[in-house]
Amino acid sequence: MKERIVQFGEGNFLRGFVDYFINELNEKANYDTSVAVIQPLPNGMTDQLIAQGGEYTTVLRGIENGKLVEEIKKNTCIRRCINPYERFCQFLALARGEELELVVSNTTEAGIAFDPSCSVLDEPPASFPGKVTRFLLERYRFFEGAPDKGLVFLPCELIDNNGLALRDCILQYIALWGLEDGFRHWVETACTFTCTLVDRIVTGYPRDDAAAWEARLGYVDKLIVTAEYFHLWVIAGMGEKKSLLPLDEYGYNVVFTDDIAPYKTRKVRILNGAHTMSVMAAHLLGIETVLDMMNDAVMVRYLEKGIYEEIIPTVTGLKKEELEQFAASVMERFRNPYLRHRLLDICLNSVAKYKERVLPSLLGYIEQFDRLPPLLTFSLAALIVFYKSGDARDSAQVSAFLLEHDTTEILANAELWGCDLTAVSGLADAVTRLVNRCRQEGVKQTLLSQLEA
């Protein structure tokens, strides 16, 4: 196969997401493409991948259209693995590859960061953008700045405008290292830095039942990757070069767009927002996991009404049908019996999550309809009751503030919410009443009353 793709990162997500798609295209579209993996950190998994010839099993499980689905496939698209800390010359040789076109990465949210201690003489530079800069410099010089030898970057790190952030770090290294203007121009004009949004829960190696899987498969695989069946990949800024990755032509949930913002808003408000508006209330009801929550009729009604009647009306930029279709997929993902998501794990740092994921919908609803949304208002009260229960996992400062202050003082803290919520007409009184009712009548009875509001 042609070595068209360089992959910075060898972890579960890339192997269960990007490499899954490449393997699919090889099977279904005669894509004829192999992936060369670069280990971004001194300690990694390239030795394990090499030991298995780059091959491993992908197991996808979930619910689609109300039915359980399972897909088991051997992935064979990884043909080369390089640890640049041990084989820097191979790393540079890879940059000279005639057929290279795409670069994918997932080096965690902290990976795309500028580290001024990196030098062009390092073998390799410590930071991920430093490695990329050195890689591109080798390619630029070898091909003498040929415009058609630029690469398309598809970073999967979960930060806003990830491609632009990576490009900016590269330009900083070019300035820091005093590299030639021609190289800077080549990076800016010949290379394409897309911004992406990725969505799939990849649970990785099934440690608890690995032996059962090996017995079922009939072979030993130390790199099995398990993941949910659902997937979404939104790619902005690829333009005509989307033909290099023709996934949308084969029915995959891959969106090429000029503007990623509406898709991010949809994910944050509907998927993440649904989690945050529900899990604290569910925990207060004694529910342990997301799946258990989806087996509770009251919580399902709360989720559905909250999403469809209070969140979706505030999301702009996409058609209502698209939003409702995405919401339906979210509910199916929550019902996935193969994923065990403990509510307390999801509740980590809930104040910050609420501020980003739920509060914009709550405030947007008030602005649009000139009244309080009953269920999102309840979700804010449930957050306060949850923090006062002592079960919250947050910074000591945030946890202490919510424990020690009353509802009005909590809502007035602009550092927590980005604004003084007591300035929102009627909100503080409504949340205070709901907090008191949760304590006096119980969370379930209070929620039932809000469902009828």
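Values below: every heavy atom of this structure, side chains too, minus hydrogens, waters and symmetry copies. For the single chain, residues carry numbers from 1 onward in sequence order.
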| request: Under the side chain to side chain contact (heavy atoms under 4.5 Å, CB included) rule, what do Ile5 and Ser34 come out as? Steps first, then yes or no, please. | output: CA-CA 7 Å; Ile5 299 175; Ser34 71; over 6 Å; no

| task | Show your reasoning for whether salt bridge (Lys or Arg N to Asp or Glu O under 4.0 Å) applies to Glu324 and Arg266. | result | CA-CA 10 Å; Glu324 291 181 343; Arg266 182 182 70 175; over 6 Å; no

| task | Evaluate the salt bridge (Lys or Arg N to Asp or Glu O under 4.0 Å) criterion for residues Arg61 and Glu71: first the C-alpha distance (whole Å), next the side-chain angles of each, then the deciding distance (0.1 Å), finally the verdict. | result | CA-CA 7 Å; Arg61 298 178 295 178; Glu71 181 180 306; over 6 Å; no

| said: Please determine whether salt bridge (Lys or Arg N to Asp or Glu O under 4.0 Å) holds for the pair Lys241 and Glu101, giving the CA-CA distance in whole Å, both sets of side-chain angles, and the decisive distance to 0.1 Å. | reply: CA-CA 10 Å; Lys241 294 185 178 180; Glu101 295 173 333; over 6 Å; no

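Glu157 and Asn106 share no side-chain donor-acceptor pair at under 3.5 Å. For Thr408 and Asp406, the side-chain atoms include no donor-acceptor pair closer than 3.5 Å. For the residue pair Tyr354 / Ser379, a side-chain donor-acceptor distance below 3.5 Å is found, with atom types taken as modelled. Side-chain N/O atoms of Asp259 and Thr257 include no donor and acceptor closer than 3.5 Å. In summary, the side chains of Arg357 and Thr276 do present a donor paired with an acceptor at a separation below 3.5 Å, with no hydrogens or angles considered. Defined by atom type and a distance below 3.5 Å, a donor-acceptor pair is missing between the side-chain atoms of Tyr31 and Arg4. Counting only N and O atoms by type, the side chains of Thr432 and Asp429 include no donor and acceptor under 3.5 Å apart. Side-chain atoms of Arg393 and Ser350 form no donor-acceptor pair, as typed in the model, at a separation below 3.5 Å. There is no side-chain donor-acceptor pair under 3.5 Å between Thr314 and Gln368.
The aromatic rings of Phe401 and His405 lie parallel to each other, with less than 30° between the two planes, well short of the 60° mark. Ring orientation note: the planes of Phe386 and His283 are nearly perpendicular, at an angle over 60° on the 30°/60° scale. Taking the six-membered ring for Trp and thresholds of 30 and 60 degrees, Tyr302 and Phe378 have ring planes more than 60 degrees apart, a perpendicular arrangement.
With sequence neighbours left out, Glu188 forms a side-chain contact (heavy atoms from CB on, under 4.5 Å) with Leu171, Arg184. Partners of Val351 by side-chain contact (heavy atoms from CB on, under 4.5 Å), not counting sequence neighbours, listed by chain and number: Leu383, Tyr387, Asp394, Val398, Leu402, Leu416, Trp417.
In this structure, CD1 in Ile366 is found 11.0 Å from OG in Ser361, a value given to the nearest 0.5 Å. With rounding to the nearest 0.5 Å, the separation of CE in Met277 from CD1 in Ile307 is 7.0 Å. Lys28 contributes atom NZ, which lies 10.0 Å from atom CG of Asn23 (distance to the nearest 0.5 angstrom).
Counting heavy atoms from C-beta on, the side chains of Lys388 and Ile410 come closer than 4.5 Å. Taking 4.5 Å as the limit, some side-chain heavy atom of Phe256 sits within range of a side-chain heavy atom of Asp248. Under the 4.5 Å side-chain criterion, counting only non-hydrogen atoms from C-beta, Ser127 is in contact with Cys118. With a 4.5 Å cut-off on side-chain heavy atoms, Pro373 and Leu362 count as touching.
The ring pair (Phe, Tyr, Trp, His ring centres under 6.0 Å) contacts involving residues 431-453 comprise nothing, where partners must be two or more places apart or lie in separate chains.
Look at Glu288 and Arg340 and you find a salt bridge, because one of the NZ, NE, NH1 or NH2 atoms lies within 4.0 Å of a carboxylate O, short of that distance. Using a cutoff of 4.0 Å between basic side-chain nitrogens and carboxylate oxygens, Arg301 and Glu452 are scored as salt-bridged.
For the pair Arg15 and Tyr56, the cation sits on the ring face: its NZ or CZ lies under 6.0 Å from the ring centre, inside 45° of the axis. Geometric assessment of Arg134 against the ring of Tyr173 yields a negative cation-pi assignment under the 6.0 Å and 45° thresholds. Judged by the 6.0 Å distance and 45° axis criteria, Arg200 is positioned over the aromatic ring of Tyr20.
Between Leu158 and the options Thr108, Val198, Leu197, a side-chain contact (heavy atoms from CB on, under 4.5 Å) holds for only Val198.
Aromatic ring centres of His231 and Phe17: separated by at least 6.0 Å. Taking the centre of each ring, His341 and Phe334 stay at or above the 6.0 Å mark.
Between Cys347 and Met280, the closest heavy-atom pair is SG-CG, 3.7 Å. Contact between Asp32 and Asn26 at its shortest, heavy atoms only, is N-OD1, 3.1 Å. Gly9 and Leu14 get closest at one heavy-atom pair: O-CD1, 3.4 Å.
Within 6.0 Å of atom CD in Glu70, more than 12 heavy atoms from other residues, nucleotides or ligands are found, so the atom counts as buried in its surroundings.
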